[in-house]
Amino acid sequence: MRSTAPCQFETKRGKNKTKSCNRDAMPQRVMFEGAGPGSQVPAHMTRVPISLIGPDADYSDKTVKVRLQRPAMCTGKVVRIGRLVSLASDNNLLKTVIQEEDSPPNASAQNPSINVVLFGGLAKDFNQAVNQGDVVVASGFTVGRSPTVHKDKLHPFNLLLSGDEARVYVCPPPPPPPPPDPRSLPADKRCSALHAEVSRATKAPKYTYSGLDALKAGSVVNAYGVVVFFKQPFKSRGTDLCSTLKITDQSNQRIACSVFGEKLENHPKVFQVGDIVRLHRFKVQFFNSSMTLVNTFGFSVLAFDGAEGGSMEPRTSSRSFHLDQEDRRTVEELRSWAAGQALLPPTPTTPLSAAQPKAYFDLTCQLLAKAPIDSTCTLLRVWDGTRCAHTLLKVTVEPDATEGPSSFSEARERLIANILVYDNHVELAGQLKPGDFLRIYNLRAIPGSSKVPGHASSHQQEEEEVDHLAFHLHGGTAYGRGIRVLPENSPDVQEMKRVMEAVPDEDDFSELNDSQLLEVWSTPPESAEAEPMECSAERSCGHDTRTVTLSDLKRSDPGLVHHVRVQLRSYEPHRLHQALKLYCSKCTSMEDVPNDELVARLFSEASEDPAPCSPPAWALSGRVAIPGERPAPPTRAVGVHLSTRLLGEDRPKELLFLSGSTLEETRRLAAGYQNVVPVRSSGGHMALLDLSAPFLFRGLKRYFGCKRCSEAAVREPVCAEGLEPIDEKVLAEALGVQLLQFVLLMKLELQDASDRLDVFLWRDAESFFGVSAEDAAANQEAQNSIRQTMASLCPAGGSTDLVSGGRPWMDLCLTAYRTEDEAGRNQTCYQICHSIITKPASTHSNANPA
DNA sequence: GTTTAGGGTTGG
């Protein structure tokens, strides 16, 4: 392993007063090493080359994911640092890419790179400690499949750093080039190894930078500044494009700055207020009682992310620029100064979900399609992965005129905003390509019906589009109005893509919009619309028993099976949802399914608990926006807790613990995830809700636990090798919940010519109806099937007369058994078993066999 | 080694 130069780290960061990487105060997880990893990393560790990370490596026989068997570490140079993603007040995630520094001799041309994902405090500490180019050593990591391997073409596995064992050692970068003046080097020190660096240094002039309070009219200067206002390049009245900026620095002067240039790529790549620019060769002019800066021949502009801990990669199209340690330090100083000045907007852009009528805002989005409307207006169809709380304006254009798809699925359409860009922006819009990531500045959300040029709406359409939100990018450049293509690697685009990836699949969305499904059981009137269907019942048993009358049967000894031919006289309960019960196979208790009112109350009580909840160590906590419904209330965010293990296995949608959500929100979110477990805070810990509430939502299905037999606690489920799907059984087991089974229980009053008899339909109810109770609890089709069957066997309001009532005759098998009633008296009960409903296509006989 | 712009919203 390489050893990097000592002490650089100290000079670079140790003395930086604003950086909060005080060694004494820092947690021990990120270690700052003055010397290289070779001398600091514990000697007992085995270094695993990046190329050998994965399931086939010989250091483990486990597959998919492995906690390394013996102390192992992995080292590489930091080539990319993602943005610190805050998931909750005390939880974070940061992704970085490290590259092997010294490949084995027989390795392929390019050094392998791997994604490293850090969680929690480690991510935060690392974010403050690391700079691009640093060498890091990671240990105590787990390895998970990389969900982004197809996109980033990096290593098929990720290093995952979370928990107490995870460590990252941050080491300084290789020594910087020698001083820029080669004359200061003795001739005999200009050895060949340094030659390239030296020759580059001779070309790079030593720049001095003017403070913004020390500008003298007529001079040409270099300067740094934090952007406080900017306009994207726009066409000037002359020959060039013009960018205007206003910048500031520690002097608090605000200096206007103009950049002229024919080519877009030579303009500063400023994307948001707070960005930092470095200007070379700008002329100072006096205008309107203050100094301004204008580019001169041979100028250059670099732009940097203004966020503390942000990337040091300068944004420029220039292939030759000089950037040294001093520049990096200046940027860092401006960043920390600006952070204290609150110059950066708290929310640089507004997602569609937060767009408010009449408001101006900046939008980061992806272009899906565009179409010219007329010479002064172009339609841009964009999305950002969030759903606007307001109904969006629909704009119809000819499919032929559209670049990109001319239509999308209904689900996707609900996420697409139509933006009308006008006048001077039309030309730039013409250069945009579907797929581009955009930032649109000073976009306006306009409520109410909106007329689109050339698409005069009829009166009726106008009525329909009241309250719809339209987005306009008005003409002009006031307030920085404009459009900029963002590079895909920009942190904001990366963040947006994460949101987009979390959007449920389109199938899930179609379920989402059928949220009425669950209300069916409690929605009267029943069977009014159910078309009576001719059906009957027949036995599926193999008993060789002759058919008896009900009066014969009543005189028989219990404990036998009987065959009868009967009609259904009446049944209970008439409200089908009351027939659905929860049965515990352990304590054999049966209870009603809690109604939504009760369950909703439990959810709201659980989310009212103000006690802070510390999620378990294995959980990654954050917040998620609830998809809105029409008419949508403002979108709300609720707490989510994910299993880091599942995340590492690229199974993020398989299990979600949800806190603080209402029943309705839980139901809505459940449509997009395989398993949603509602949780609450209890004594500072994460706990399940009262077991009267479902402990699990799977799509439209809900699962309950037995209060008597469960010892519930929130635990991470264990799945063998990541192959076993997570279902209600796996989760019940993991959570200590005794799973209750949905059953159907009905009491039927049977009749024949001889007598009447009350019988239960329970154990064989599912096969009788050909419908599972679990489906019946969640699925309208299943419910309809049962309702139709009952309506057919026992028409509502129909006569019970054996002949004129017209009720179908059923051949049933009954078992008789003895039980005790509540008073302890013996009684005989009957149950329908081994009998199934038959639904003949057309022929049906009413013939009375008696 | 010229000019442009030099912030602050009409709205379709």
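Note that these values count all heavy atoms, side chains included, but never hydrogens, waters or copies made by symmetry. Quick note on labels: first sequence line is chain A, next is B, and so on, each numbered from 1.
Across the protein-nucleic acid pair, Asn424(A) atom CG and dG11(B) atom C1' stand 13 Å apart, rounded to whole Å. Regarding Phe471(A), its CZ atom lies at a distance of 17 Å from the P atom of dG11(B), rounded to whole Å. What separates NZ of Lys283(A) from P of dT2(B) is a distance of 7 Å, to the nearest Å. The CD1-C1' distance, from Ile446(A) to dT10(B), rounds to 10 Å in whole Å. Atoms CG (Leu245(A)) and P (dG8(B)) sit 14 Å apart, rounded to a whole Å. Rounded to a whole Å, the OH atom of Tyr360(A) is 15 Å from the C1' atom of dG7(B). Whole-Å rounding puts the Asn442(A) CG to dT10(B) P distance at 10 Å. Atoms CD (Gln285(A)) and C1' (dG6(B)) sit 10 Å apart, rounded to a whole Å.
Rounded to whole Å, the separation between the P atoms of dG6(B) and dT10(B) comes to 14 Å.
Of the candidates dG6(B), dT3(B), dG12(B), the closest approach to any side-chain atom of His474(A) belongs to dG12(B). Comparing dA5(B), dG12(B), dG8(B) by their closest approach to the side chain of Thr376(A) singles out dG12(B). Side-chain atoms of Phe234(A) lie closest to dA5(B) of the nucleotides dG7(B), dT3(B), dA5(B). You'll find that the side chain of Lys246(A) is closest to dG7(B), out of dG11(B), dG7(B), dA5(B). Ranking dA5(B), dG11(B), dG7(B) by closeness to the Cys242(A) side chain, first place goes to dA5(B).
Residue side chain Lys231(A) does not reach the base of dG7(B) through any donor-acceptor N/O pair under 3.5 Å, judged by distance alone.
Side-chain atoms of Thr248(A) come within 3.5 Å of backbone N or O of Gln253(A) as a donor-acceptor pair.
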I'd like to know whether Tyr207(A) forms a side-chain hydrogen bond (donor to acceptor under 3.5 Å, both in side chains) with Asp327(A), so could you lay out the CA-CA distance, the side-chain angles of the two residues, the decisive distance to 0.1 Å, and finally the verdict.
CA-CA 10 Å; Tyr207(A) 287 96; Asp327(A) 287 294; over 6 Å; no
Assess whether salt bridge (Lys or Arg N to Asp or Glu O under 4.0 Å) is satisfied between Lys497(A) and Glu501(A), documenting all intermediate values.
CA-CA 6 Å; Lys497(A) 285 171 80 177; Glu501(A) 281 160 15; 5.8 Å; no
Determine, step by step, whether Val221(A) and Thr208(A) satisfy the side-chain contact (heavy atoms from CB on, under 4.5 Å) criterion, reporting the C-alpha distance in whole Å, the side-chain angles of both residues, the deciding distance to 0.1 Å, and the verdict.
CA-CA 8 Å; Val221(A) 299; Thr208(A) 57; over 6 Å; no
Leu302(A) vs Phe321(A), test: side-chain contact (heavy atoms from CB on, under 4.5 Å). Steps then yes/no.
CA-CA 9 Å; Leu302(A) 298 186; Phe321(A) 59 88; 4.1 Å; yes
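Nearer to the 5' terminus of DNA chain B, by closest-nucleotide assignment, is the contact made by Gly238(A) (compared with the other of Gly238(A) and Ala478(A)).
Scanning for salt bridge (Lys or Arg N to Asp or Glu O under 4.0 Å) contacts around Asp249(A) gives an empty result, with sequence neighbours left out. Under the side chain to side chain donor-acceptor pair (under 3.5 Å) criterion, His280(A) pairs with Tyr209(A), Arg278(A), not counting sequence neighbours.
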Which atom pairs, donor and acceptor, lie under 3.5 Å between side-chain atoms of residues 230-238 of chain A and protein residues at least two apart or in another chain?
{"unit_1": "Lys231(A)", "atom_1": "NZ", "unit_2": "Thr477(A)", "atom_2": "OG1", "d": "2.8"}
{"unit_1": "Gln232(A)", "atom_1": "OE1", "unit_2": "Arg484(A)", "atom_2": "NH1", "d": "2.7"}
{"unit_1": "Gln232(A)", "atom_1": "NE2", "unit_2": "Val270(A)", "atom_2": "O", "d": "2.9"}
{"unit_1": "Gln232(A)", "atom_1": "NE2", "unit_2": "Tyr441(A)", "atom_2": "OH", "d": "3.2"}
{"unit_1": "Ser236(A)", "atom_1": "OG", "unit_2": "Gly238(A)", "atom_2": "N", "d": "3.1"}
{"unit_1": "Ser236(A)", "atom_1": "OG", "unit_2": "Asp240(A)", "atom_2": "O", "d": "2.7"}

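Residue contacts shown for Arg481(A) include a base, since a base heavy atom lies under 4.0 Å away. No engagement by Phe230(A) is indicated, since no non-hydrogen atom pair under 4.0 Å with the nucleic acid exists. Among the heavy atoms of the strands lying under 4.0 Å from Gly475(A) is at least one base atom, whether or not backbone atoms are also near.
Near DNA chain B, meaning a heavy atom under 4.0 Å from it, residues 208-218 of chain A has no residue at all. A heavy atom lying under 4.0 Å from DNA chain B marks the following residues of residues 254-265 of chain A, by number: Ser258(A), Phe260(A). Contacts with DNA chain B (heavy atom under 4.0 Å) in residues 286-300 of chain A: Phe287(A), Thr292(A), Val294(A), Phe297(A), listed by number.
With a glycosidic angle more than 90° from 0, dG7(B) adopts the anti conformation.
Stacking here means ring centres nearer than 5.5 Å and ring planes tilted less than 30 degrees, and by that measure Tyr422(A) stacks onto dG12(B).
For Gln431(A), the CD atom counts as densely surrounded, since its 6.0 Å shell holds more than 12 non-hydrogen atoms of other residues, nucleotides or ligands. More than 12 non-hydrogen atoms from other residues, nucleotides or ligands lie less than 6.0 angstrom from CD of Gln341(A).
Evaluated for a side-chain contact (heavy atoms from CB on, under 4.5 Å) with Leu473(A), the options Ile440(A), Thr378(A), Leu380(A), Val426(A) yield exactly one hit, Ile440(A).
Taken from CZ in Arg335(A) to CG in Leu343(A), the straight-line distance is 14.0 Å, to the nearest 0.5 Å.
Contact annotation: Arg444(A) side-chain N/O to dG11(B) OP1/OP2 distance is under 4.0 Å.
Minimum heavy-atom separation, Asp305(A) to Ile276(A): O-CD1, 4.5 Å.
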